[in-house]
Amino acid sequence: MNAFGDDSVHIVLTKENDFQIWLGEAKFYNDLDDKRFIEPLNSIAQMLNSAIIRKELGILTGLNELDIVLSDTPEMLEKVKSTLKNFTSIDEIKKRLHVPILLLHECEIRFIRHFVP
């Protein structure tokens, strides 16, 4: 069954008093057919659709975790929340965006013993 939305979301603070947005994509496979490698790219392309990414990022602005984690830096909290809101241009959001991809392959494990004479 497919999960919808981002598989992981991270806000990473930078040394330049700024932040990055990391939206991870994960796929689990039981075979490594070449056509499988197109699926994560299609999923990311769909996620980058302006309406979808705005919805995903809008969810983040309502999370209490942001308020807790950034409580000692109210200026950064405001910067993160204001950037993630609907009025920020999608180009500004994409400048901050990183999308790591995790591919997992389920397979049978075989142990082969090699003996050194």
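Residue numbers count from 1 along this sequence.
- Judged as a salt bridge (charged side-chain N to carboxylate O under 4.0 Å, His left out), the pairs with a partner in residues 37-51 (not counting sequence neighbours) are, in order, Arg36-Glu39.
- Separation of atoms CG (Leu57) and CD1 (Ile90) is listed at 7.0 Å; rounding is to 0.5 Å.
- In this structure a side-chain-to-backbone donor-acceptor pair under 3.5 Å is present from Arg54 to Thr88.
- A continuous path of hydrophobic side-chain contacts links Met47 to Ile38 [ILVMFWY only; heavy atoms under 4.5 Å].
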Output a table of donor-acceptor pairs, distance under 3.5 Å, between side-chain atoms of residues 78-85 and any protein atom two or more places apart or on a different chain; print 'none' if there are none.
from	atom 1	to	atom 2	distance (Å)
Lys79	NZ	Asn17	O	3.0
Lys79	NZ	Asp18	OD1	3.3
Lys81	NZ	Asp67	OD1	2.8
Ser82	OG	Glu78	O	3.0
Ser82	OG	Lys79	O	3.2
Thr83	OG1	Lys79	O	2.8

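- Val12 and Ile101 fall into different hydrophobic clusters, where Ile, Leu, Val, Met, Phe, Trp and Tyr residues are linked whenever their side-chain heavy atoms come under 4.5 Å apart, directly or through other members.
- In terms of modelled atom types and a separation under 3.5 Å, the side chain of Ser43 and the main chain of Pro40 share no donor-acceptor contact.
- Follow the hydrophobic side-chain contacts under 4.5 Å out from Trp22 and you never reach Leu66; the two are in separate clusters.
- Here the NZ-CG distance, from Lys27 to Leu102, works out to 11.0 Å after rounding to the nearest 0.5 Å.
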Given side-chain contact (heavy atoms from CB on, under 4.5 Å), test Val69 with Ile11 step by step and report yes or no.
-> CA-CA 10 Å; Val69 172; Ile11 302 295; over 6 Å; no

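- For Lys95, the side-chain hydrogen bond (donor to acceptor under 3.5 Å, both in side chains) partners are Glu92, not counting sequence neighbours.
- To the nearest 0.5 Å, the span separating CD1 on Ile93 from CG on Leu23 amounts to 10.0 Å.
- To the nearest 0.5 Å, atom CD1 of residue Ile68 and atom CG of residue Leu77 are 11.0 Å apart.
- Going from atom CG of Leu70 over to atom CZ of Phe19 covers 9.5 Å, rounded to the nearest 0.5 Å.
- Within a 6.0 Å sphere centred on CD of Gln20, heavy atoms belonging to other residues, nucleotides or ligands number more than 12.
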